[in-house]
Structures are given as structure tokens and as C-alpha cells.
Amino acid sequence: LWQGTQSHQLFLLCQYSLGCGVSCGLSFLLEGAPHSTSNLALAAGLAGLLATYARRLARHVCTLYELHSRARYCGICIFLLAAGHGIPRLLRNALAIAFAVADVAAVTLINRDFLSAAEAVRFWTPLTICYTLLVIYMQGENGTPPLGPRQSVYQTVLVRMGGLFILLLTVGRWTDIFHILLSLLGELWCLLQAGVMLRVCRQQ
């Protein structure tokens with residue numbers, strides 16, 4: 001799963017989930033801090049600054065990497081030529097840490113809303129069953145894909161969000177249902193933005 005094109009596709013497909021996870025993890029870690037709102041704003045600003053520099057680096061590499069790597073007079077391109085193979089491993093480790101923290105934070109924050117353990121069990125049991133069935137369904141779809149790769153990506157999102165939407169209709173609140181709709185729009189927007197890169201990964 002972590003090798004080659006599949007690893008690159010994973011980096012592209014988890015953008016929205018990573019954003020939600022980092023936001024949830026930061027909210028949990030900064031909870032009770034004297035200036036937690038300011039800290040979240042600072043984190044968002046630093047993330048925007050990092051994204052800007054990453055975009056500039058990507059533009060530089062896409063246009064000049066081939067020339068600079070041969071001429072060997074650009075420090076950025078020489079560094080990527082020498083150590084670029086280690087970047088995917090660094091990204092995988094960062095993803096693993098971010099999602100691990102987000103999982104702990106999400107479970108802790110959700111469990112605070114329940115008044116008793118029985119109420120928590122009534123929520124987590126159907127959620128676990130629902131996602132287990134979705135995983136089994138997706139594995140079956142991967143074995144016999146009737147659609148193209150791009151359509152299957154959107155189908156995966158729609159099926160996953162649809163299952164969660166139906167589940168929250170029975171055990172959730174109206175605000176939860178509204179958040180699911182917002183999450184669906186956000187994830188579809190991220191997939192549209194990553195469409196070109198996903199095509200490149202499939203061609204490779």
C-alpha cells in the first residue's frame with residue numbers, strides 16, 4: 001500500500017481527512033490553554049504560509065528541475081536530487097502521527113457528549129458495524145470495478161458519507177447531519193482540486 005503510485009494517491013485522497021484530523025487534534029491538545037484561540041489562529045497562519053511555500057517549490061520544480069538538476073547550480077534542485085527519495089517516507093510518518101493523535105482526540109471529544117457508558121455504546125456499536133460493512137463493500141468493489149478509476153474515487157466518498165449520513169439520522173443530532181453535508185462538499189472540492197495529480201498517478 002505504501003509503495004509507488006498507491007502511496008502518492010493516498011497522499012492526494014487524504015487531504016480533507018488530514019485537515020479535519022489536524023483541526024480536531026489541535027483543538028484537543030490546546031483545550032484549556034490560556035490563549036487557545038490565538039494558538040489555533042497561529043497554527044492556521046503557519047499552515048497557510050507552509051502551503052504557500054510548498055506551492056512555490058512545486059512550481060519551481062515543475063518548470064526548472066530538469067534544467068537545474070543537470071546544470072547543478074540550484075541548491076533546491078540539488079537537494080531534491082540527493083535526498084528527494086526520503087520525502088515520501090517523511091510524509092508517511094507525519095500522516096501516521098497526525099491521524100493517531102486525531103483518532104484519540106476525536107474519540108475523547110465525542111465520548112464527552114454521552115451521559116453514560118450505555119449511551120456511548122448505543123452510538124459506537126452501529127457506527128462500527130456501519131464502517132465494517134462499508135469496508136467489506138469497498139473491498140468487493142475493488143475486486144470487480146465497473147467504473148473508471150476517477151468515478152470509483154467519487155463513489156467511495158459518496159458511499160462512505162451516505163452510510164454515515166443514514167447512521168446519524170438515527171442516532172445523531174441535526175447539527176451532526178449538517179456537518180456531514182459540509183464534510184461531503186469539502187471532500188468533493190479537495191478531490192476536484194487533486195484531479196490532475198490523480199490522473200498523473202494513474203498514468204504512471
Side-chain angles (χ1 to χ4, degrees), residues 1-2 7-58 83 86-128 130-132 134-135 156-157 160-165 167-194 197:
L1 177 66
W2 294 108
S7 179
H8 298 156
Q9 288 183 3
L10 179 64
F11 295 148
L12 293 171
L13 293 174
C14 75
Q15 292 180 70
Y16 184 77
S17 301
L18 178 62
C20 293
V22 170
S23 177
C24 179
L26 285 176
S27 298
F28 175 72
L29 293 174
L30 294 174
E31 193 174 32
H35 303 288
S36 57
T37 303
S38 301
N39 291 336
L40 283 174
L42 177 62
L46 291 175
L49 186 65
L50 181 61
T52 301
Y53 278 105
R55 201 173 294 116
R56 288 182 184 175
L57 176 62
I87 294 177
R89 187 183 306 110
L90 176 64
L91 290 176
R92 289 196 298 267
N93 292 337
L95 280 178
I97 293 172
F99 280 122
V101 173
D103 288 342
V104 174
V107 171
T108 304
L109 292 174
I110 290 173
N111 281 337
R112 288 179 185 173
D113 293 335
F114 301 122
L115 299 177
S116 64
E119 191 176 345
V121 169
R122 280 199 300 271
F123 174 82
W124 285 111
T125 300
L127 182 65
T128 305
C130 178
Y131 266 87
T132 302
L134 281 176
V135 169
T156 300
V157 172
R160 176 161 44 82
M161 288 295 184
L164 192 56
F165 179 80
L167 175 65
L168 289 178
L169 280 176
T170 59
V171 298
R173 297 176 298 219
W174 287 108
T175 53
D176 299 326
I177 296 170
F178 178 69
H179 291 158
I180 288 295
L181 295 176
L182 285 181
S183 295
L184 176 61
L185 292 176
E187 194 152 2
L188 291 177
W189 184 81
C190 285
L191 289 177
L192 286 173
Q193 295 295 313
M197 294 300 295

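Because the structure is a prediction, the values reported are computed rather than measured.
- Here the OG1-CD1 distance, from T175 to I180, works out to 10.5 Å after rounding to the nearest 0.5 Å.
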Could you pull out all donor-acceptor pairs under 3.5 Å where a side-chain atom in residues 182-191 meets a protein atom, sequence neighbours excluded?
{"unit_1": "S183", "atom_1": "OG", "unit_2": "H179", "atom_2": "O", "d": "3.0"}
{"unit_1": "E187", "atom_1": "OE2", "unit_2": "R160", "atom_2": "NH2", "d": "2.8"}

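- When all heavy atoms of F28 and A105 are compared, the closest pair comes out as CB-CB, 3.4 Å.
- Scanning both residues, G25 and V101, for their nearest heavy atoms gives CA-CG1, 4.3 Å.
- For the pair L26/V22, a side-chain contact is recorded, criterion being any heavy-atom separation below 4.5 Å from C-beta on.
- The two atoms that bring A102 and C24 nearest to each other are O-SG, 4.3 Å, heavy atoms only.
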